[in-house]
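Order of the sequence lines fixes the chain letters, A, B, ..., with proteins taken first and strands second; residue numbering starts at 1 for each chain.
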Amino acid sequence: MTLALFEDRGTPLNQQRFTWRELAGKPISKLDDDAFTRVRVILMNGIETEALRFSHAAARFNLEFRRPLAEIRRVEQHQATMVNWLLGADHSPLETTIGYEQVAIEITAALAQQEPDPYLAQVYRFGLLEDFDHMYRYSALLDRLEGKDSNNILQSYTDVLPGRPTVVEHRAPENDLRRPFDRKTAAPLTKLNALTLTASEHQTHDYYMNIGPLFADPVARQLYAEIASIEEQHVTQYESLLDPSQSLLENWLLHEAMEAYLYYSCVQQEPNPRIKAMWERMLSYELGHFHMVAELFKKHERQDPQEIVGERLPEPVKFESQREFVRATLAQEVDLRPSGHDFVGLEQEPQRSIEYRNHMNSEGSPSETVAAGYTWRPGTEVLTRAQVRAA
Amino acid sequence: MRNSTDATRLGINRTGLQMSPEHAQEMLEGTQLLEMDMPAGTSDEADGQALSAMRQEYIAMADPLGSVPAPATLKGAAKSGAKMLTGRRPQVFIDKLSERLAFERGGTRLYDAVYAKALASKGDISKVPAEELLEIRNSEARHALLIKECMETLGADPTAQTPCADLVGVESAGLLQAVSDPRTTLAQTLHAALAAELIDNEGWEDLMTMAREMGHDDMANRFKQALDEEAVHLTKVRNWYTLLTMETSELM
C-alpha cells in the first residue's frame, strides 16, 4: 500500500525550521554514493525550485493567498538549499551536467512507462531521445576538454550513445506545443508526471544558462548555448501538457502533492541512511504543506481535494536503470519529428522547423563539432584509441 | 589574439582606485565611517579567527572524498600473472597511480588546447614549434597508457576515479580554464602549462619512489623514463614561456 495522503498530516508549518549549518551540511560522496542518490538530489532540487517558481507566479496573480504562499515558500527555499548543497564541490560543472542528463534520461524513461495516457507517454519518449543525445554530446565534451570519463558519474547505469541528434532538435516554437491533458478526466498520476518533467527540465535549463558562461572553452560555451535552447523547448513542451484551466489552488495542491510523491519515492529507495533521513524529513514537511493547501482548497473551491489528487499516492517512481526501455525507444522512434501537437515521420517535418534550424546551424553546429567521431570508451578516448595524434 | 604582445598593451583598465579618484575617495570615506562605528577591540585578526573556527568545525566532521576500490589482487580474485600488492596499505599506491593516470589524461587534453592556441597564434609561432607541443601532448597520452597497463598488472581498475584522481581534476580546473580561453595569449597559456609540468614532474618523482619501496622495480624503472621525459617537457615549456615573456617586455 502506498502512502495515504490525507492520513499523515506531516510536520506543522510552524515547526519546519532550519539553521544555516543544516542548509550547508555534509555533501554526498561523488565516488562512493550510488549514482541514483545524486539523481534524487538533482531531481528534488528541480522540484523545489519549481515550487518556488510556481509560488512566485501565483503570488503575482492573487492577493488573498500571498501570505500562505510566502510562508510555505520560505520553507521550500530552504528545502531546495539543503538538497542542492548535497552536491560536493569536487563535481566540475560539466560532471554535474552529466548528472543532470542522467536525471533527464532515467526519470523521463521511468515516467514514460508509468504514464497511463498514451499521448503523454509518447511525448515523454520523444523528449527522452533528445536528452539521451545530450548525454552523448556532453560526454564527448567531458572527455575532450577535461580528459574525464562520464561513466565515473553514470556508474554504468546509463548508455552513452547518440540519440536524436541535437543538431536536428531545433524547431519552430509552434512545434514544441503539445495537447494538454483534461483536468476533469486525467488521472492524478498523469498530472503529477507532467508537472515533474516540467520542473526537472526547467531546472536543467536554468542550470545550463548559469554555468554556460563559466566555461572558457569556446566549443563548451557554444554547446551549452545550444543545449540550453533545447531545454527551453522541452520546458515549453512539458508545460504545454498542463491543463491551463486548472485553478491556482488546484495547481498549488498538485505541486504539493508532487513534492510529497517524489520525496516518498526517494524515501523508499535511498540506500544512504543519512540521506534517507533527510528525505523522510522533507516528506513530512511536504505533507504539512499539502494539508495546509488542501484546507485552503476546500474552503475556497468547495471541492474535495481527493477528487484532484486521489486518496493515496501512486506507486513510487522507479529510480533504476531504464537501459532496455531507452534502447527500444531509440530503435523505434528516433526519426519522429513534431508537427504541431503531433508526431510525424522525418519527411513530414514542418518546413518552418527546418528553416529555423538551418539558420541556427548555418555557422556550424557545436553538438556536431564536439562529438565528431566520438565513441564512449572506458577511461576516455585517450586510453583506448588514437592516443597519439598526427600533426 | 595576434600575438603575446597584444595582451600587454596600455589601455583603459578601470579596475583600480587611480582610475576613478572621486569615487575612490567616497569609497574610503564610507569605510572610515564604518570603522568609527565598530565596537572597540574589533580587528581583522579576530574576524579571521571566527572564519577559521567555522572551517575547523567543518573539517572535523567532514567525510572523505571517497574510497579506493579494492584491486583484484586484494580481493583474492587475481588473474594469473597479476603482481601481488604488498605493504600494509597498498591502496595508497593504487590511489597515486590513479591520480597520475587522471593527470596525464587531463594533461593530454590540456595540450590539445595549448596546441590549438599555438596554431592560432601566428605572431608567436616562430618561437614555439607547434610540432613539439604536439609531441608533448602525445607523450602525456603515452604516459596515461603506461599507468593503465601498470594498474592492470596489479589487478586495479584503471577506469575508477579514486580520491586523488578526483582531486587532481579539481586542482587543475583553473589551469584548463586559463589554457582554453581564446583570449589568453600563447605566453599566458604556457604559464598555465608550466604550472602543470611542475606538478607533473613532482608526481612522477613520488610515484617512482613509491613503486621502488613497494618492490615494483620494473615499474619504477618505467616511471623513471616517464620522469625523464617530463623533465624535458618542463625545460621546453619553461624556455618557451620565458622567451615569449622576455620578448613581450622587449628585454631581448
query: When you look at A:Leu31 and B:Gln161, which way does the side chain to side chain contact (heavy atoms under 4.5 Å, CB included) test go after all the steps?
result: CA-CA 7 Å; A:Leu31 311 180; B:Gln161 193 172 37; 3.8 Å; yes

- request: Check whether B:Ala178 gets within reach of chain A through its side chain, its backbone, both or neither, counting any heavy atom under 4.5 Å.
  value: neither

- prompt: Where does B:Pro69 contact chain A at under 4.5 Å (heavy atoms): side chain, backbone, both or neither?
  reply: neither

query: Does any heavy atom of chain A fall under 4.5 Å from the side chain of B:Leu101, the backbone, both, or neither of them?
result: side chain

query: Near A:Arg74 CZ, under 6.0 Å, is it more than 12 heavy atoms from other residues, nucleotides or ligands?
result: no

- prompt: Which distance, rounded to the nearest 0.5 Å, do you find between the NZ of B:Lys148 and the OG1 of A:Thr380?
  reply: 10.0 Å

Backbone N/O of B:Thr159 and side chain of A:Asn152: donor-acceptor pair under 3.5 Å: yes

message: Is B:Thr162 close to chain A through its backbone or its side chain, or both, or neither, when contacts mean heavy atoms under 4.5 Å?
response: backbone

- request: Go through the atoms of A:Ala220 and report whether side chain, backbone, both or neither lie under 4.5 Å from a heavy atom of chain B.
  value: neither

query: Below 4.0 angstrom, N of the basic side chain to O of the carboxylate: do A:Asp143 and B:Arg109 qualify?
result: yes

query: Does any heavy atom of chain A fall under 4.5 Å from the side chain of B:Ala173, the backbone, both, or neither of them?
result: neither

- request: Please report the closest heavy-atom contact between A:Pro218 and B:Pro182, naming both atoms and the distance.
  value: CD-CD, 3.9 Å

Closest approach of B:Arg105 to A:Leu383 (non-hydrogen atoms, all atoms of both residues): CD-CG, 4.0 Å

- line: chain A shares the most heavy-atom pairs under 4.5 Å, among B:Asp112, B:Asp181, B:Asp166, with B:Asp166

Contact class of B:Leu176 relative to chain A, heavy atoms under 4.5 angstrom: side chain

- prompt: Is it the backbone or the side chain of A:Ile28 that comes under 4.5 Å from a heavy atom of chain B, or both, or neither?
  reply: neither

field: Per-residue contact mode, A:Arg21 against chain B (heavy atom under 4.5 angstrom)
entry: both

